[in-house]
> 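Submitted below is the structure of interest, expressed as structure tokens.
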Amino acid sequence: MSYVYRVHLLPTSDLTLLPFLAGKFASLRLSALTVSAPAFSSTFEIESGFNAPDWIARLQRPLVHYLIAVAYVADTSLEHQSIDKGDWIGSATLIGPITKAAYTIVESGGPAPEGDDVESRWQMTAVFNAPQHRGKGIAKMLIRGALDFATHESKGRKSRTRIMIHPRNIVVKKLYEGLGFEDAGKCTLAEAYISNGDSNMLPSDGGKSDPEKYLNRLGTIMEKVSVPTI
Ligand SMILES: CC(C)(COP(=O)(O)OP(=O)(O)OC[C@H]1O[C@@H](n2cnc3c(N)ncnc32)[C@H](O)[C@@H]1OP(=O)(O)O)[C@@H](O)C(=O)NCCC(=O)NCCS
């Protein structure tokens, strides 16, 4: 079958639609945690225990935005390419805007962020595309969608978007380089959990009990700074 693909920003304001969208999101997320387990910090064991209100609450977290890639049969008209139709195949999570203080990781060795009057800051995480649709530019569409949203929300300022790549997944670096991301230092797993909104995954001592796992500076940070065109 041939498909046409579209990326949507997941809307959370329509409370009638939200339970349906949360169900679709849960299904996509659990499938991602199954087929690409090593790429994620969370696990199927944890998230398969979430109930309906948990998934709805997840979509309503403040400052967390979800880009969803949807596959439609090839001849679907534009007006029918809505988020409540088609097959959800991929997603990316964008967190922000983030304050300079919350964003800065002094020990990373990366460039210092600028002031709030000059730029807004964003963290991208959980980029995923279903295996049967890979190699068709869907991840690029999702990331561009996130960058466009960040640029729009930056209201004329620069936007700085960061991604943290786990050392065992370094092969995806090419994907981000192709979209203009550059090396911006190194992070620990503890810093990645906190920056990606997963601090609940950290042990209560912040990782001190297992420094090899949580405090080793092995993750790769990449950033893209987009400058407004006008
Ligand atoms: C990584 C992932 C999102 C790519 O999805 P995709 O839709 O196949 O990616 P695209 O088709 O948009 O690929 C864009 C570019 O990324 C690069 N790329 C993508 N996957 C790659 C891989 N596994 N190895 C090397 N390069 C890769 C290629 O350079 C490609 O550019 P090209 O087509 O010009 O050669 C997908 O493989 C996935 O979901 N993996 C599991 C989750 C994951 O690792 N997420 C990233 C977390 S940082």
Side-chain angles (χ1 to χ4, degrees), residues 1-10 24-48 64-72 74 86-96 98 103 105 108 110 121-150 160-198 201 216-224:
M1 189 180 297
S2 60
Y3 299 92
V4 58
Y5 301 101
R6 183 139 175 224
V7 167
H8 298 270
L9 179 70
L10 199 157
K24 293 199 67 131
F25 182 81
S27 168
L28 175 64
R29 174 78 182 165
L30 293 177
S31 151
L33 291 174
T34 308
V35 299
S36 299
F40 296 99
S41 46
S42 189
T43 64
F44 180 84
E45 284 69 27
I46 294 172
E47 298 195 16
S48 58
V64 182
H65 318 278
Y66 298 95
L67 286 299
I68 306 292
V70 186
Y72 306 91
D87 186 17
W88 287 24
I89 57 155
S91 62
T93 304
L94 186 71
I95 303 171
I98 304 169
Y103 187 94
I105 302 172
S108 72
R121 283 156 237 94
W122 306 80
Q123 176 91 10
M124 192 165 45
T125 182
V127 179
F128 170 77
N129 182 23
Q132 64 272 35
H133 297 281
R134 286 186 187 163
K136 296 178 176 180
I138 310 296
K140 276 188 205 161
M141 284 171 67
L142 283 163
I143 297 164
R144 285 201 185 103
L147 292 170
D148 287 349
F149 176 78
R160 180 183 297 270
T161 305
R162 176 167 75 186
I163 180 97
M164 292 171 167
I165 303 174
H166 194 283
R168 74 181 161 222
N169 203 21
I170 196 65
V171 68
V172 299
K173 204 176 164 210
K174 247 182 98 186
L175 165 64
Y176 299 102
E177 282 169 350
L179 290 163
F181 283 77
E182 294 178 354
D183 284 321
K186 291 281 185 182
C187 63
T188 66
L189 185 58
E191 288 163 354
Y193 278 159
I194 293 165
S195 301
N196 289 333
D198 293 323
M201 305 277 302
N216 245 343
R217 198 163 289 285
L218 298 176
T220 294
I221 302 179
M222 298 187 83
E223 278 185 343
K224 179 174 170 117

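For ligands, and for the atoms within them, numbers begin at 1 and follow the listed sequence.
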> Please report whether atom 21 (C) of ligand 1 has a protein non-hydrogen atom at a separation of less than 4.0 Å.
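Within 4.0 Å of atom 21 (C) of ligand 1, no protein heavy atoms are found.
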> Counting heavy atoms only, which part of Lys136 comes closer than 4.0 Å to ligand 1: side chain, backbone, both or neither?
backbone
> Should the pair Arg29-Glu47 be classified as a salt bridge under the 4.0 Å nitrogen-to-oxygen rule?
yes
> With a cut-off of 4.0 Å, which atoms of ligand 1 are near a heavy atom of Ser36?
41 (C)
> For Gln123 and Asn196, which heavy atoms make the closest approach, and how far apart are they?
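Answer, listing the atom of Gln123 first, then Asn196: NE2-OD1, 2.9 Å.
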> What atoms of ligand 1 come within less than 4.0 Å of a heavy atom belonging to Ala39?
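The list of qualifying atoms is 42 (C), 43 (C), 44 (O).
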> If you compare all heavy atoms of Ala150 against all heavy atoms of Thr161, which two are closest, and at what distance to 0.1 Å?
CB-OG1, 4.2 Å
> Do the two ring centres, one from Tyr5 and one from His133, sit under 6.0 Å apart?
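So the answer is yes for these two rings.
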> Provide, to 0.1 Å, the distance between atom 1 (C) of ligand 1 and the closest protein heavy atom, together with that atom's residue and name.
Val172 CG1, 3.6 Å
> Which heavy atom of Phe40 sits nearest a heavy atom of Phe128, and at what distance?
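Heavy atoms of Phe40 and Phe128 come nearest at CZ-CB, 3.9 Å.
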> Hey, is atom 28 (C) of ligand 1 touched by any protein heavy atom at less than 4.0 Å?
no
> Pairs of nitrogen or oxygen atoms closer than 3.5 Å, one from Val127 and one from ligand 1: do any exist?
yes
> For atom 48 (S) of ligand 1, what's the nearest protein heavy atom and its distance?
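Of the protein heavy atoms, Tyr176 OH, 3.5 Å lies nearest.
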> My understanding is that we take every heavy atom of each candidate and find the minimum distance to atom 10 (P) of ligand 1. Doing that for Ala69, Pro38, Gly137, which one comes out nearest?
Gly137
> What residue and heavy atom of the protein are closest to atom 26 (N) of ligand 1, and at what distance?
Val171 O, 3.8 Å
> Should the pair Trp122 and His65 be assigned to parallel (<30°), tilted (30 to 60°) or perpendicular (>60°) ring geometry?
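Trp122 and His65: tilted rings.
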> Looking only at distance, does Ile165 have an N or O less than 3.5 Å from an N or O of ligand 1?
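N/O-N/O distance below 3.5 Å does not exist for this pair.
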> Where is the tightest heavy-atom contact between Ile165 and Asn169, given as atom of each residue plus distance?
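Shortest heavy-atom contact: CG2-O, 3.6 Å.
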> Less than 4.5 Å apart, any side-chain heavy atom of Thr188 and any of Tyr193?
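Counting from C-beta outward, Thr188 and Tyr193 never come under 4.5 Å.
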> Polar contacts were defined as any N/O atom of the residue lying under 3.5 Å from an N/O atom of the ligand; does this apply to His133 and ligand 1?
no
> Identify, by atom number and element, the atoms of ligand 1 in contact range of Phe128, meaning under 4.0 Å from any of its heavy atoms.
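Near Phe128, meaning under 4.0 Å from one of its heavy atoms, ligand 1 has 39 (O).
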> Just need the protein heavy atom nearest to atom 36 (C) of ligand 1, so name the residue and atom and give the distance.
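Looking only at protein heavy atoms, the one closest to atom 36 (C) of ligand 1 is Arg134 NE, 3.4 Å.
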> Taking the six-membered ring of Tyr72 as reference, does the cationic atom of Arg6 (NZ for Lys, CZ for Arg) lie under 6.0 Å from its centre and within 45° of its axis?
no
> Is it the case that ligand 1 has an N or O less than 3.5 angstrom from some N or O of Gly135?
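Yes, since at least one N or O of Gly135 sits under 3.5 Å from an N or O of ligand 1.
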> Please report which non-hydrogen protein atom sits nearest to atom 30 (C) of ligand 1, along with the residue it belongs to and the distance in Å to one decimal place.
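Among all protein heavy atoms, the one nearest atom 30 (C) of ligand 1 is Lys140 CE, 4.5 Å.
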> Starting from atom 44 (O) of ligand 1, what is the nearest protein heavy atom, named by residue and atom, and what distance separates them?
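Ranking protein heavy atoms by distance from atom 44 (O) of ligand 1, first comes Asn169 ND2, 2.8 Å.
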> Looking only at heavy atoms, what is the nearest atom pair of Gly90 and Leu142, with distance?
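Closest approach of Gly90 to Leu142: C-CD1, 3.9 Å.
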> Quick test: of every protein heavy atom, which one is nearest to atom 5 (O) of ligand 1, and how far off is it to 0.1 Å?
Ala139 CB, 3.3 Å
> Heavy atoms only: which of Asn129, Ile138, Leu179, Leu175 lies closest to atom 39 (O) of ligand 1?
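It is Asn129 whose heavy atom sits nearest to atom 39 (O) of ligand 1.
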> At what distance is the nearest protein heavy atom to atom 35 (O) of ligand 1, and which residue and atom is it?
Lys174 NZ, 4.9 Å
> I'd like to know if Arg162 and Glu223 make a salt bridge, using a cut-off of under 4.0 Å between side-chain N and carboxylate O.
no
> Give, for atom OG1 of Thr220 and atom CE of Met164, the distance between the pair rounded to the nearest 0.5 Å.
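So the gap between those two atoms works out to 11.0 Å.
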